[in-house]
Every structure is written in structure tokens, then in C-alpha cells.
There are 2 protein chains.
Amino acid sequence: MLDDRKAAILRAVVSEYIKTAQPVGSSHIAASPGIGVSSATVRGEMVHLESEGYLVQPHTSAGRVPTEKGYRFFVDQLGGVGRLGAAQRMQVREFFASAHGEIEYVLEKTSRLLAQLTGWTALVVEPPADSSVIRAAQIVDMGGSTALAVLVLSNGVVEKYPIELPSELDCSVIGEASARLAARVIGKHPRSLSSSSAFGERLEGDRPDSSPGPLSSAGGDRSSSEGSAAGGEGAAAKQSSRTTGRGSISTAEDLVDAVCFAIGCGEGSAESGQVFVGGASQMAAAFDAVETVREVLGILEQHLVVVTLLRDVLDRGLSVAIGVEEHGLEPLAACSVVVAPYEVEGKPSGTVGVLGPTRMDYPRALAAVSVVGEQLSERWKDAGRSGSGSRSGNDGGVRAVESE
Amino acid sequence: MLDDRKAAILRAVVSEYIKTAQPVGSSHIAASPGIGVSSATVRGEMVHLESEGYLVQPHTSAGRVPTEKGYRFFVDQLGGVGRLGAAQRMQVREFFASAHGEIEYVLEKTSRLLAQLTGWTALVVEPPADSSVIRAAQIVDMGGSTALAVLVLSNGVVEKYPIELPSELDCSVIGEASARLAARVIGKHPRSLSSSSAFGERLEGDRPDSSPGPLSSAGGDRSSSEGSAAGGEGAAAKQSSRTTGRGSISTAEDLVDAVCFAIGCGEGSAESGQVFVGGASQMAAAFDAVETVREVLGILEQHLVVVTLLRDVLDRGLSVAIGVEEHGLEPLAACSVVVAPYEVEGKPSGTVGVLGPTRMDYPRALAAVSVVGEQLSERWKDAGRSGSGSRSGNDGGVRAVESE
DNA sequence: CTCTGGCACTCGATCTTACCGAGTGCCAGA
DNA sequence: TCTGGCACTCGGTAAGATCGAGTGCCAGAG
């Protein structure tokens with residue numbers, strides 16, 4: 001589609017622009033290595049590249065800037081995956097050798113690591129509950145008319161489901177229910193309980209306005225007023241059906257059913273996977289328009305949007321989404337996303353990603369994101385245990401060669 | 001210290017500046033209600049106010065701007081607590097009537113609410129674990145050589161402690177340990193286990209080299225490199241000793257000891273109380289210097305710093321900390337913090353706060369923060385249950401009168 | 001003694017103009 | 001087909017020029 005010379009010129013323009021954030025002129029390109037022609041020739045080629053939509057001029061007599069199409073071509077054909085520098089490889093290795101602890105803790109730290117590696121904002125999404133299996137379950141009487149169902153998943157995540165009891169149940173009922181619950185759900189996938197619990201449907205019938213299904217915009221929430229900040233994220237949807245069906249719990253079995261139903265609906269803590277945002281402050285370095293920063297941060301506050309964004313990109317088989325054309329979020333018009341999946345127990349589960357301006361260093365971001373993704377997969381490969389894994393020395397997936 | 005007229009003028013200057021963010025001139029003041037004198041007179045008074053440090057001129061022939069001392073006087077003597085508008089009262093009432101669910105969920109939502117009420121960034125700190133009592137405890141075998149101790153606290157928080165087992169213990173040992181753990185810790189304060197736990201003192205198994213003393217900095221942590229983002233927050237301290245002493249766990253009792261020790265040290269998930277930051281994007285609206293935004297966001301990423309900040313301010317008996325002089329954080333030089341405590345089960349536990357530019361609307365922020373604090377206290381007044389509380393209609397502590 | 005209107009003065013913000021130079025498009029010659 | 005040359009464009013910056021909000025001070029009124 002593009003002959004070699006044009007491609008080389010495009011690559012040079014992109015690389016230079018990534019570095020300087022300034023429109024780049026023909027003479028710079030002519031001077032860069034690999035281009036054996038004069039600036040006049042480069043200019044000629046640039047005219048072509050521009051007419052085909054790979055470059056634009058902010059105005060006459062300015063250098064050229066890559067378009068989203070230009071970046072896309074660069075990423076697909078020219079950039080490759082890039083490599084991390086030695087220091088960064090080291091950093092990754094040390095990090096994964098020493099990062100012990102619960103899954104959330106590790107993921108949060110990972111988001112910081114990734115932010116530091118790339119210089120931009122990092123996004124790490126927790127594996128959704130349905131990729132794990134229930135390891136333990138218990139119902140705890142919290143006093144009053146409340147109980148808390150606690151689930152431990154095989155990946156180390158703990159989910160909580162607040163249960164409202166219609167009346168003071170006897171302690172022994174709760175105890176019995178707890179035991180029955182454990183017997184019934186251990187070893188199963190939490191989300192699979194939705195359908196398997198016959199009682200669920202019964203309950204659902206009892207509740208006219210039950211589970212409006214996440215992502216549906218439920219009712220008259222505070223009218224999303226001015227602040228884009230607090231508006232979005234399906235706040236409404238979650239806020240409503242947060243307590244479990246209170247239809248007719250009287251026996252232990254009823255209680256277990258109710259809990260199973262709640263679990264199946266995923267009404268508990270681990271909605272669709274928590275998001276950890278690292279290095280949000282770096283966003284402020286990406287743009288000089290304070291308004292842009294505001295908009296981007298606004299999006300980052302809407303975790304559901306972020307999760308969806310990453311998942312969408314991945315679902316479409318992409319690892320890079322450049323500009324609003326490809327990711328679809330207006331406020332992120334000047335941004336691109338680079339993502340990679342990671343696996344837990346061998347199954348694709350979570351995602352890691354980097355959010356930066358469209359003029360970010362894609363090869364580097366790709367490298368960082370994929371290394372981190374691999375390392376995370378490595379950590380939770382065998383069993384979904386929560387802690388440790390003292391694989392030092394071996395930095396397995398860290399395929400890191402010197403960067404340019 | 002300041003005669004009535006000076007005070008009135010100072011009040012007018014502060015109010016005006018809060019509204020417009022522009023230096024305010026004598027004629028504006030003279031025109032505002034409550035000032036019955038000419039601009040010349042106002043000017044004269046302003047000279048005094050300036051010489052005493054309540055006001056400054058950005059440059060000759062500009063209006064005056066309040067100094068931190070000026071704000072302080074305003075807050076202490078002039079501003080009062082302020083009142084929320086009817087719409088906002090409504091919003092708070094609806095929010096607390098409908099916000100069900102786990103404590104973390106409610107607190108996160110609360111931070112958004114507060115951000116929306118004030119227009120600035122809101123900070124909500126989870127109650128520390130030691131203000132609650134353990135309601136349930138269990139040790140879950142996670143496969144491999146890992147186990148997870150799960151604690152349910154009376155305030156609805158669930159803590160997790162990853163435990164590394166030296167060798168494959170028999171399942172029954174874990175089961176027994178789990179039962180013993182429950183018997184031993186239920187009803188106690190988690191942090192009280194540190195000393196009361198016989199682990200350090202004694203208990204049957206004499207353990208020669210037990211307890212390698214967590215909190216000792218274990219490894220060569222990544223050298224806190226450049227990025228201020230990922231640097232701070234005592235990352236090192238936490239990262240290292242994240243797994244419990246693995247000295248010589250062989251019996252169930254050993255295991256229980258180890259877990260108790262870990263709990264006592266607070267090595268688990270609920271470090272010193274999670275922080276929920278709401279409306280961070282609003283920070284970008286507060287300043288037009290992108291660099292300032294970056295610095296402030298950088299601080300917000302360091303949760304430990306935020307917790308400490310809020311706690312410090314509260315400990316000093318303040319509810320407002322104006323400027324770096326009073327809160328001590330250089331990067332927040334242009335910011336003030338307004339805080340209020342909230343109670344769980346009658347004891348002061350968490351804090352809510354608002355972070356804004358020094359020229360924020362203190363009365364409004366104070367009103368919002370205290371109302372929200374009261375409402376949170378109200379919610380968890382009786383029992384530290386996790387969910388619900390359908391007190392609608394009654395908007396208890398929402399003492400809200402029309403604002404200016 | 002205090003307050004007020006008046007007045008000269010200051011100085012940042014804004015606008016105008018001029019200029020510079022990076023970068024372009026085009027063209028004639030190698 | 002490539003290259004050096006050349007006229008041209010136009011954003012960015014610097015230098016005045018201007019405007020006006022706001023000040024300090026002072027003399028006169030209350």
C-alpha cells in the first residue's frame with residue numbers, strides 16, 4: 001500500500017513526533033538515518049502521504065503530524081512490539097519477584113509499575129469473578145437484621161454480599177444456612193449460580209423492580225447534573241438493586257437460595273472486576289490544555305466505562321485503539337489505549353492497559369503492557385492462590401531487548 | 001483584633017474572591033451590601049489589612065487577594081458553617097436513603113457525592129480496623145502452599161491475610177486451625193491481637209527463630225526512581241513483608257498464632273483504612289497551571305499521604321487546614337483541606353474531607369463535610385452492620401438552611 | 001478627627017505591528 | 001527521477017502602544 005520509501009518517511013515522522021510532540025518538517029526527516037534523499041524529495045513524498053491521509057499539516061508552512069490512520073499504519077506495519085530498556089527489564093523482574101500479597105494489592109502495585117514504565121496512565125482490571133471457582137463460603141450474622149455472605153474465590157478475591165433479613169432469625173438458622181451454602185457453592189463458578197438456583201426465578205418474580213441488569217440506565221438518579229465527574233458509570237444501575245431479595249426468607253434453605261441468587265446476579269462487591277488506575281497524574285503531563293485533562297480524568301473516574309473500554313478493545317482483537325475512531329469515547333479523543341490480556345489459571349481473565357495521548361510511544365507501550373500481562377499470567381498460572389510465588393532469577397516472559 | 005468595619009471588608013473581599021477568583025478592588029467592596037462607606041475609605045482600611053497580613057496585592061494597581069491568614073480569620077470569625085441549598089439537601093437525603101450495600105461501596109459513593117456537593121475533590125477514609133470487632137474468621141486453603149485468613153469485622157469490612165505455608169499441611173490441620181482461630185479472635189479488636197497474642201510471648205510450641213519481625217525492610221526495592229507517582233506511600237515498607245512469618249508452622253496452633261500475629265500487625269488488606277477519592281478530575285478545574293494539577297494528583301495517588309494528612313488535621317483539632325503552612329504538604333501549596341470525622345458505633349473512626357484550592361468556599365465545604373460526616377455516623381450508629389438502613393423521610397442531621 | 005471626591009500614577013492585560021524563520025510548493029536543471 | 005534553488009506562507013515571538021482597573025494621596029466637607 002505504501003512503497004518502502006514512503007513507509008520509511010512515515011515511520012520517521014511518527015517517531016520524531018512521538019519524541020518531540022512538534023510538527024516535523026521535511027529537512028528533519030531527510031537528515032534522519034535510513035532516508036537517503038533530499039528534503040525536496042521528502043516533501044514530495046509527504047504530499048502523497050498527506051493526500052492519502054497518513055499525515056496532516058496543522059497549517060500551511062508547518063511540519064507534518066501523523067493522523068490516526070498514520071499511527072495505525074505505523075503500529076501495524078512499522079513499529080513492532082518494541083523492547084524495554086535494561087533498567088526497565090530489571091525493574092519488572094524485581095517487581096514480580098518481590099510483589100507478594102493479595103491479588104488486589106498486587107494489581108494495584110502493578111498499575112503503578114506500568115505507569116512508571118510507560119510514563120502514562122496505566123489501567124489494570126481485576127479478573128471477573130466468573131473465571132474463578134468458589135473456595136469457601138460463609139454467612140455472617142452482622143446483628144440487626146443484616147447478614148453478610150462472604151465468598152472466597154480461588155483467585156484470592158473475596159466477595160461480599162450484604163443480605164437483609166426480614167426479621168430476627170435465630171442464630172442457628174444462619175449457622176445452618178452457612179453450612180448449606182458452603183456445601184452447595186464450593187467448587188462452582190459464582191456466576192453460574194444465577195441460573196442453577198431455581199429459587200432465583202421465584203424470587204425474581206417477587207420483586208417487581210428487581211435487578212435492572214447492569215448497564216441499563218435505571219431511574220431518576222440525580223440528574224447527572226453539570227459535573228461530568230460524578231455523573232456516569234451506571235451509578236444508578238448499581239445503586240438501586242444492592243440488597244438482596246427480601247421476599248420470604250424464613251428457613252435456612254430460603255436464606256441460602258437468596259444468597260445464591262445474589263451471587264448469581266453478581267450484586268456483590270466484585271461487580272465486573274475492579275479497576276486500578278495508576279499514574280493518573282501523568283495525564284496532566286500529556287496535555288497542556290487543562291480542559292482536556294479534566295475530561296480524561298473524568299472518564300478515569302468512571303470505572304465501569306474503563307472496564308468496558310478495555311474489554312471492548314480486546315474483544316475486537318486489537319491491542320491498540322487509536323483515537324476516538326477506534327475506541328469510541330469522545331472525551332478521550334486525543335488519547336489512545338494499548339491493552340493486553342492476562343490469564344488466571346490459564347484462562348484469559350483480566351486486562352492491563354495504558355492510556356496515553358495519541359502521540360504516545362506505541363512500541364514501548366506495547367512492550368510494557370505485554371510483558372506485564374505475561375508476568376501476571378505467570379504468577380497465577382498454576383493455582384489461583386493469593387500470595388507469593390518466589391520465582392526470582394527466572395524472568396520468564398520478560399523478552400526484553402535493547403530499545404532504540 | 002479587627003474592628004467591625006475591617007472585618008466586614010475582609011469578609012467581603014474573601015467572599016468576592018471565592019466567587020470570582022479575581023483580585024478584588026476597593027470599589028467593588030464599597031458597592032457590596034453591608035459596607036456603608038466610599039471606596040476611598042475602603043482603600044484606607046485595605047492598606048491596614050494588608051499591612052497586618054490579611055490581604056496582599058498581586059502587584060501595584062491590582063485588587064487585593066486574601067492571604068492564608070486572611071482565610072484563616074474568615075473561617076474562624078466570619079464564615080460560620082454555611083448551609084447547603086435546598087437542592088443539595090435533597091440530594092444528600094436521597095443519597096443516604098438509597099445508598100445500600102457494603103461499607104466500601106457506600107464510602108466510595110459518598111466520596112462522589114461530596115465531590116459533587118462541593119465542586120472539588122472529596123476524600124473519604126475508611127474507619128481503621130481497630131475501631132471494630134471481629135465477627136467471623138476463617139482460614140481457607142488456597143491450594144499450593146498458600147492459605148488465606150479471612151476476617152469479617154463488625155463494620156462490614158472484610159480483611160484478608162495471605163498466609164504462606166511452609167509445606168503441604170493436611171487439610172484437617174487447616175480446618176482445625178480455622179475453628180481455633182474463630183474461637184480465639186471473635187469478639188476482639190483485630191489490632192489488639194498484636195500484643196495479646198501469645199505468639200510473641202509464648203504458647204506451647206517454643207519457636208526459636210519465630211517471627212522475623214515484619215515491617216523490617218526486606219528486599220532491595222526498586223529504588224523509588226524518578227516518577228513521583230509510583231514512588232511514595234511507603235510502598236517499600238508494605239511491599240516487602242507481605243507474607244506472614246514462615247518460621248515453623250506445623251501444628252494448627254502454630255498456624256493460628258501466625259495468623260493472629262499477622263492480624264495484629266495489620267499486614268492484611270485493610271492497612272490503615274482505604275481512601276476513596278471522588279472527583280479528582282475537578283482538581284483540573286481548580287488550577288489553570290497544568291503543572292499544579294499534576295502535583296496535586298500525584299499526592300492524591302499516594303493514599304497513605306492522604307490518610308495521614310486528614311488524620312493529622314483532625315488530630316490537631318482543626319476542621320480546616322489552609323495552605324502549606326497548616327497542612328504541610330508542599331505540592332498542595334495552593335490547596336486547603338476541610339475535614340470532618342464520622343463515627344462508627346459511636347466512636348470517632350473515619351474522616352471525610354474536601355480538597356480544594358485555598359480560595360474554595362469554606363462555609364459551603366464545611367457544611368457539606370459535616371453533614372456528610374453526620375449522616376455516615378448516623379448510618380453506622382447502632383450496629384456496625386454492612387448494609388441498608390432504610391431510614392428515609394427523616395434526614396436527621398441535615399441541618400440545612402438556605403445559603404447566602 | 002473621619003470620611004469623601006478628585007486626581008495623578010502604575011502596571012498588567014490586550015491589541016497592533018513588525019519581523020523572523022521553519023517549512024512549503026514548485027520548477028528548472030542534473 | 002532526484003536535487004538545489006527560490007518565492008511564498010504563516011504561526012510564534014518581540015516590541016510598542018493603548019486601555020483601564022485600581023491604587024495612594026490630598027484637600028476639603030462633615
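What's counted below: heavy atoms across the whole structure, side chains too, no hydrogens, waters or symmetry copies. The sequence lines fix the lettering, A, B, ..., with proteins before strands; numbering per chain opens at 1.
Residues Val14(A) and Leu78(A) form no side-chain contact, since every pair of their non-hydrogen atoms from C-beta on lies 4.5 Å or further apart. Using a 4.5 Å heavy-atom cutoff, the side chains of Leu297(A) and Leu297(B) are in contact. Gln282(B) has its side chain within reach of Arg294(A): a pair of non-hydrogen atoms, C-beta onward, lies under 4.5 Å apart. Put simply, the side chain of Ser32(B) does not reach to within 4.5 Å of the side chain of Glu16(B), judged on heavy atoms.
Near DNA chain D, meaning a heavy atom under 4.0 Å from it, residues 50-70 of chain A has His59(A), Thr60(A), Ser61(A) in order of number. The stretch residues 25-34 of chain B touches DNA chain D through Gly25(B), Ser26(B), Ser27(B), each having a heavy atom within less than 4.0 Å of the strand.
We find that CG of Leu49(A) is positioned 12 Å from P of dG25(C), with the value rounded to whole Å. Put simply, CD1 on Ile9(B) is 15 Å from P on dG22(D), counting in whole angstrom units. Met46(A) has its CE atom 10 Å from the C1' atom of dG23(C), to the nearest Å. Distance NE2 (His48(B)) to P (dC25(D)): 11 Å, rounded to an integer number of Å. Summarising the geometry, the separation between CD on Glu45(A) and P on dG23(C) is reported as 19 Å, rounded to the nearest angstrom.
Rounding to the nearest 0.5 angstrom, the gap separating the CD1 atom in Ile9(A) from the CG atom in Asp4(A) is 11.0 Å.
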- Message: Output the pairing pattern of DNA chain C as a dot-bracket string, 5' first, Watson-Crick or G-U wobble with both distances under 3.5 Å, | for cross-strand pairs, [ ] for crossing pairs.
- Response: ||||||||||||||||||||||||||||||
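The shortest non-hydrogen separation linking Arg72(B) to Val320(B) is NH2-O, 2.7 Å.
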Just the table, please: protein N/O against nucleotides 13-16 of chain D N/O, every pair under 3.5 Å.
none

Is there any protein nitrogen or oxygen under 3.5 Å from a nitrogen or oxygen in nucleotides 4-6 of chain C, and what are the pairs?
from: dT4(C); atom 1: OP2; to: Ser38(B); atom 2: N; distance (Å): 3.0
from: dT4(C); atom 1: OP2; to: Ser38(B); atom 2: OG; distance (Å): 3.3
from: dT4(C); atom 1: OP2; to: Thr41(B); atom 2: OG1; distance (Å): 2.5
from: dG6(C); atom 1: O6; to: Arg43(B); atom 2: NH2; distance (Å): 3.1

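Here Arg11(A) pairs with nothing under the salt bridge (charged side-chain N to carboxylate O under 4.0 Å, His left out) rule; sequence neighbours left out. Listed by chain and residue number, Tyr71(A) satisfy the ring-ring contact (aromatic ring centres under 6.0 Å, His included) test with Tyr362(A) (two or more places apart in sequence, or in another chain). Taking the side chain to side chain donor-acceptor pair (under 3.5 Å) definition, one finds that Ser111(A) meets it with nothing, sequence neighbours left out. Take Glu68(B) and apply the side chain to side chain donor-acceptor pair (under 3.5 Å) test, not counting sequence neighbours, and it matches no residue.
Between the side chain of Thr358(A) and the main chain of Cys335(A), no donor-acceptor pair closer than 3.5 Å is present. For Glu301(B) (side chain) and Ala280(A) (main-chain N/O), a donor-acceptor pair under 3.5 Å exists by modelled atom type.
Every pair tested for salt bridge (Lys or Arg N to Asp or Glu O under 4.0 Å) that includes a residue from residues 21-30 of chain A fails, sequence neighbours excluded, so the list is empty. The stretch residues 38-48 of chain B participates, sequence neighbours left out, in these salt bridge (Lys or Arg N to Asp or Glu O under 4.0 Å) pairs: Arg5(B)-Glu45(B), Lys6(B)-Glu45(B).
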For residues 57-66 of chain B, run the donor-acceptor check on the side chains, cut-off 3.5 Å, and write out each pair with its distance to 0.1 Å, sequence neighbours left out.
from: Gln57(B); atom 1: NE2; to: Ala62(B); atom 2: O; distance (Å): 3.2
from: Arg64(B); atom 1: NE; to: Glu50(B); atom 2: OE1; distance (Å): 3.1
from: Arg64(B); atom 1: NH2; to: Glu50(B); atom 2: OE1; distance (Å): 2.8

